[in-house]
Amino acid sequence: FSTLIKRSSFFAILLRILYRLGNAGGQTRKALQLGRDDDLRGLAVCDLLHGLKRLELENLVVRGLFVQQRQRIGHGLLHGHDGLRFAVSLENCRLLFGFCLEDVSEGRFTRFEVTNVKKDKGNKYLHYGVMKSGTLNVGDEVIATVDTEHRKAVSRAHSATHLLHSALRQVLGDHVHQAGSLVDADKLRFDFTHFNALTPEELTAVENSVNEAILDGLDIVTKEMSIDEAKKLGATALFGEKYGDVVRVVTMGDYSMELCGGTHLDNTAKVGSFHILSESSIASGVRRIEAVTGKEFLRMSNEANLKLAKAAELLKTKPSDLLAKTESFVSEMKEMRQNVEHLKDKLLYGDVERFLFAAKQIGGLSVLTATRTDLSANDLRKIGDFLRDKAPKVVAVLATINDNKVIFVASCGAEAVAQGVKAGELVRFVSAVAGGKGGGKPDSAMGGGSDVLKTDNALAVVDDFVAEKLGI
C-alpha cells in the first residue's frame, strides 16, 4: 500500500502541480471519473485526492491524443474502435491509475477509461485507456472525480492492512516485516517475513485482534512530520525502504503507527469486519495472507449462509443442527459401506469353490488361471488371499483388464511355496509375456502388462512354470 507513493516529497510535488493547473476557459467541459479495472487503480487515485481533501479536481486540459504505437491523431477519439487502446496526455499533470474522461456538457456523455499511466521518452505522462463513448478532443477541459463507493472499499482494505500488520507483530513477534502488499476494493493481500506456517490458533488470534481494533472504533489520524520525529514516535517503516525528510504518518489509536502515503478511513470501525481467507508460503521465509473486509465480507457471509440453508434443507434439518445431522449421516454411510464390503467378500468367497473345482493337478498342486473383467485388482487380490488360505497346495494367477492394461494377481499356498513355487517369481514371468513386469512376496504378488491382447498367452505359461519348478 505505501509503495504506491513512497516519498512524501514526491507526493508534495504532485499536489503542487495539481494546484497550479490553469483554467482553459471556453473549452468543452468534461469529467474524469474513477474506473474499476486494475487492482491498484482505486487506491492510487484515492491516495492523490486524499491528500487534497477533495473528491474533485477541475481545469485539467487534454494536450495530446495517441493511438497504439504512440501515433498522434489530430481528430477526436470516437466510440467503437473495436477495443483499440488509446493514450491521453494532460497539460502539466500526472493523474494516477483509474480515471475515465466524461463529457457532461449539452446533454452529451463521453467516457474514456484510464487503465494505466506511463512516462514517455520526453518525460510526459501518457494516460492509457479505452474509449467507451462519445468524443474527446485536444484542448478539452476535464474534471477528475472519484468513485466514492470504490474509494471507501479500498480505504477499508487499506486501513485493515495496517491493522493486520500490527496484529501479526503482536501475535508472532517483532521479526515480522512487510514484504509486499496489494490492496483492492474490500480485498487485501499482505506478504510478511516469518519462518513457518501460522497455526490455526495463531490465525484466529490475528483475526480476533484485528476485529477487536475495529470494534474499538479507533480514530485514524494522518500527520506529516520529519523522518526523525516519526522514528522517535516509533512509526513502523518498510524494511530497507528509503524515505524523504518529510514523511506521512498514519496512526490508529495506540494500535498502529506506520509511514504511508495511501488513502485511509477516519475510524477503524468503518472497516466493518475483517476475515482471513488463506495463509500460505510464497518464498523461503515469506508468508502471504489474503483477507476481505466490509461489503466483500458481507457478500461472502451471505453466500455461505445461503449454502448452509440449502444444505440443511437437503438434509431435512435446521442450520443450527446441520453439524450433528452430518455426523449422523457420515456414521450411517460408514456402517453401510462396511456392510456392502462384507456382502461383497461373501460373494467373492463363493467364487473360490468354483475356481478350485476347475483347477488342474500338476505334481500334486492345484493350478488355476482365470480372467475376470468384472472385478477390480483389489477384488482379485481378495480372491487370491481366500484361495491361498483355503488351499495350501494352490497356485493361482488371476487377471483383469482396466484402462487398456492387464493386471495379474498371483497367490501360492504354503505347501506350494515349500515346493519352490513362489508367487513373486511367477507373476514376474507371466507379466513379461504381456509386455510388463511384477513382483511381490512368495505367497502373494501383483504385476501388469500393456499388451492386453496377450493376456491369454501370459496365463498359458503358468502350467509350464509350475512344472519346471517341480522338475516335471
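All values reported here derive from a predicted model rather than from experimental measurement.
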Can you tell me if [X] uses its side chain to pair, donor with acceptor, with the backbone of [Y] under 3.5 Å?
X	Y	value
T400	L375	yes
T204	P200	yes
R388	A410	no
E290	R189	no
D443	C412	no
S331	E327	no
N267	A269	yes
T193	H177	yes
T236	E258	no

To the nearest 0.5 Å, what is the distance between NE2 on H342 and CG on N339?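 The CG atom of N339 is 8.0 Å from NE2 of H342, to the nearest 0.5 Å.
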Calculate, to the nearest 0.5 Å, the distance between atoms CE and OG belonging to M252 and S159 respectively.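 With rounding to 0.5 Å, CE (M252) is 4.0 Å from OG (S159).
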What verdict does the side chain to side chain contact (heavy atoms under 4.5 Å, CB included) test give for R428 and K437, after you've listed the backbone C-alpha separation in whole Å, the side-chain angles of each residue and the deciding distance to 0.1 Å? CA-CA 5 Å; R428 189 180 302 114; K437 56 185 179 179; 5.5 Å; no
Heavy-atom closest contact ([X] atom, [Y] atom, distance):
X	Y	answer
V183	A157	CG1-CB, 3.7 Å
F408	A458	CZ-CB, 3.7 Å
L322	L315	CD1-CD1, 3.6 Å
V352	K390	CG1-CD, 3.7 Å
A283	S281	O-OG, 3.4 Å
S444	D385	OG-OD1, 4.0 Å

Taking the six-membered ring where the residue is Trp, are the ring centres of H162 and H264 under 6.0 Å apart?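 Aromatic pair counts; centres sit under 6.0 Å.
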Hey, do the aromatic rings of F190 and H165 have their centres closer than 6.0 Å?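 Aromatic pair counts; centres sit under 6.0 Å.
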For the pair K360 and D463, find out whether any cationic side-chain nitrogen is under 4.0 Å from an anionic carboxylate oxygen.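 Judged by the 4.0 Å cut-off on N to carboxylate O distance, K360 and D463 do form a salt bridge.
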Salt bridge present between K318 and E313 (N-O < 4.0 angstrom):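 Salt bridge absent between K318 and E313.
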Using the rule salt bridge (charged side-chain N to carboxylate O under 4.0 Å, His left out), only one of R151, K295, R156, K152 pairs with D186; which is it?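 Going through R151, K295, R156, K152 one by one, the salt bridge (charged side-chain N to carboxylate O under 4.0 Å, His left out) with D186 is satisfied by R156 alone.
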Taking the side chain as everything from C-beta on, heavy atoms only, tell me whether [X] gets closer than 4.5 Å to [Y].
X	Y	value
V430	L426	yes
R248	L259	no
K393	Q419	no

Member of I214, L163, T268 meeting the side chain to side chain contact (heavy atoms under 4.5 Å, CB included) criterion with F274: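 In the set I214, L163, T268, the residue that makes a side chain to side chain contact (heavy atoms under 4.5 Å, CB included) with F274 is I214.
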Side chain to side chain contact (heavy atoms under 4.5 Å, CB included) partner of L188, the single match among V154, L164, V292: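 Of V154, L164, V292, side chain to side chain contact (heavy atoms under 4.5 Å, CB included) with L188 is met by L164 alone.
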Pairs involving residues 425-468, ordered by first then second residue, that meet ring pair (Phe, Tyr, Trp, His ring centres under 6.0 Å) (sequence neighbours left out):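 Listed once each, the pairs are F429-F465.
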